[in-house]
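When a residue number appears, it is its place in the shown sequence, counting from 1. Values below: every heavy atom of this structure, side chains too, minus hydrogens, waters and symmetry copies. Keep in mind it's a predicted model, so treat the numbers as computed, not measured.
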Amino acid sequence: MTAVAGDFTKDGRPDIIANSGNKTRLFVGPNWKEILLDATPGHDFIHSETFDVDGDGDLDFIGARYQPGLIIWLEQPDHPLTDPWPLHVVSKDLNGIHGLLKGDVNRDGRIDLIANSAQPMDTPFPESLLWLAVPKNPRTAPSWEAHPLALKDAPGLSHYLGFGDVNGDGRPDAATGAKGEPSPVGNYFAWWEAPEDSTKPWKKHVIAEKQIGATNIHPGDVNQDGKTDFIASRGHGHGVVWFEAPSWREHGIHASLKEPHCLIVLDMDADGDLDAATCAYGDKQAWWFENDGKGQFTNHLVATDQEAYDIRAFDMDQDGDLDLVISGRASNNVAWYENPRR
């Protein structure tokens, strides 16, 4: 189950698009009227993104299915509450898509998609990480061209993706965690260094090994020393941690948290440093982790009896701070939690 927030109805107020049970639904804020956008059999998406794919000034929806791999986008029509949302294929060449992220990979000023193809099967991109550029005419293009940044170089069932300039060369790099089990390899966090030409092979750097159940990792300067660190979670194991550059020394944030599968890293309290948030499906708890600016964290419990594979930050009540949007897999809900900072 996955959910993204944004103004999908052109009225200036936040809405949510969520997918579960082969159905993609628009929930129109603030009363959350439900509108079915797509009910195609087999369209059970595990990850999603949103941005203006076709450049017409409104937000579109991107959904990714794990296996067999499929990425589609739903085009927001002129009248999103009454008109059908046309469905377009992005790619059918990836398999085991358990990470989907947007970012300007080739630095051309346009948003690209980053995705993984984690399964080791005989597909065009086994055990790989890729980025896909929006074609010139996305409404008519049969698919988007996929550029492998890690071709057969991300074994062990990779999961979520991180994106940002790690080495300070001005080029955004990529990162992932690989959970291992049941694969005989994995249980690591790594980042891939972007070359000048982003269509050429990227260089792999291992951050940490023996990370049982590694799933999620994001770059950022945690202790404000001018170096890019990483915050990570072991979503099929235990613990949220951060790795300090340049030696990647490990620091605990919440060592005992069970299966913190999703993770976001951003400034939740608007104090100028990087915080983090997760929802642990094993403990059924949502937390946010407050950074003091030096890499020391205070942990705040947001919710109990809440399960999730997906977590987002968005100003849902338009009061100027970031709230949390969670799509609950086993808890069978889509919920948002108000930031009490204001």
Side-chain angles (χ1 to χ4, degrees), residues 1-5 14 16 18 20 27 29 32 47 159-160 162 177 179 189 211-218 220 222-224 229-244 250-342:
M1 185 176 189
T2 183
V4 288
I16 291 174
S20 65
F27 296 95
W32 311 119
H47 288 287
H159 270 53
Y160 298 79
K179 74 167 186 173
F189 292 109
Q211 299 289 314
I212 305 301
T215 55
N216 215 316
I217 185 163
H218 295 277
V222 175
N223 55 357
Q224 297 183 319
D229 313 296
F230 286 95
I231 297 180
S233 67
R234 306 184 191 102
H236 284 278
H238 292 80
V240 178
V241 299
W242 72 278
F243 297 101
E244 183 178 357
E250 181 180 324
H251 303 268
I253 296 176
H254 193 320
S256 64
L257 196 60
K258 184 179 179 182
E259 295 166 326
H261 199 271
C262 53
L263 181 70
I264 51 173
V265 174
L266 69 177
D267 187 359
M268 287 294 299
D269 51 5
D271 65 350
D273 56 41
L274 287 177
D275 310 301
T278 188
C279 188
Y281 74 84
D283 283 333
K284 295 185 178 180
Q285 296 175 345
W287 291 78
W288 82 275
F289 310 109
E290 180 184 1
N291 187 1
D292 68 354
K294 299 179 181 179
Q296 300 294 322
F297 287 84
T298 301
N299 302 342
H300 302 275
L301 181 64
V302 174
T304 58
D305 199 27
Q306 177 67 56
E307 204 253 40
Y309 252 34
D310 208 358
I311 188 169
R312 310 293 172 118
F314 198 85
D315 186 3
M316 295 299 295
D317 50 6
Q318 299 178 294
D319 66 349
D321 58 28
L322 292 172
D323 308 300
L324 294 177
V325 179
I326 299 176
S327 58
R329 189 190 57 163
S331 48
N332 296 315
N333 65 348
V334 177
W336 74 273
Y337 294 91
E338 182 180 354
N339 189 336
R341 187 176 68 86
R342 292 181 182 271

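Listed by chain and number, the residues in a side chain to side chain donor-acceptor pair (under 3.5 Å) with Gln296 amount to none (sequence neighbours excluded). By the side chain to side chain donor-acceptor pair (under 3.5 Å) test, Ser20 pairs with Arg25, sequence neighbours left out. Every side-chain contact (heavy atoms from CB on, under 4.5 Å) that Leu322 has, sequence neighbours left out, goes to Leu266, Met268, Ala313. Every residue two or more places apart in sequence or in another chain that forms a side chain to side chain donor-acceptor pair (under 3.5 Å) with Thr2 is listed here: Ser48, Asp310. Every residue two or more places apart in sequence or in another chain that forms a side-chain contact (heavy atoms from CB on, under 4.5 Å) with Met316 is listed here: Ala5, Pro14, Ile16, Trp32, Phe314, Asp323, Val325, Trp336. Judged as a side chain to side chain donor-acceptor pair (under 3.5 Å), and not counting sequence neighbours, the contacts of Gln211 are Arg234, Glu250. Listed by chain and residue number, nothing satisfies the salt bridge (charged side-chain N to carboxylate O under 4.0 Å, His left out) test with Glu290 (two or more places apart in sequence, or in another chain). With sequence neighbours left out, the side-chain contact (heavy atoms from CB on, under 4.5 Å) criterion links His261 to His98, His159, Tyr160, Thr215, His236, Tyr281, Tyr309. Among residues two or more places apart in sequence or in another chain, the side-chain contact (heavy atoms from CB on, under 4.5 Å) test is passed with His254 by Ser256, Leu257, Trp287, Phe289, Asn299.
Annotation: the span from Ser327 atom OG to Gln306 atom CD amounts to 8.5 Å, rounded to 0.5 Å. If you take CZ on Phe243 and CG on Asp229, they are separated by 11.0 Å, rounding to the nearest 0.5 Å. Separating the CE atom in Met1 from the CD1 atom in Ile326 is a distance of 11.5 Å, to the nearest 0.5 Å. From Glu307, atom CD reaches atom CG of Asp283 across 11.0 Å, with rounding to the nearest 0.5 Å.
Remark: side-chain polar atoms of Asn291 are paired, donor with acceptor, to backbone N or O of Val222 under 3.5 angstrom. Using a distance-only test at 3.5 Å, with no hydrogens or angles considered, a donor-acceptor pair links the side chain of Ser233 to the main chain of Pro260.
Listed by first and then second residue, the side chain to side chain donor-acceptor pair (under 3.5 Å) pairs involving residues 269-278 amount to none (not counting sequence neighbours).
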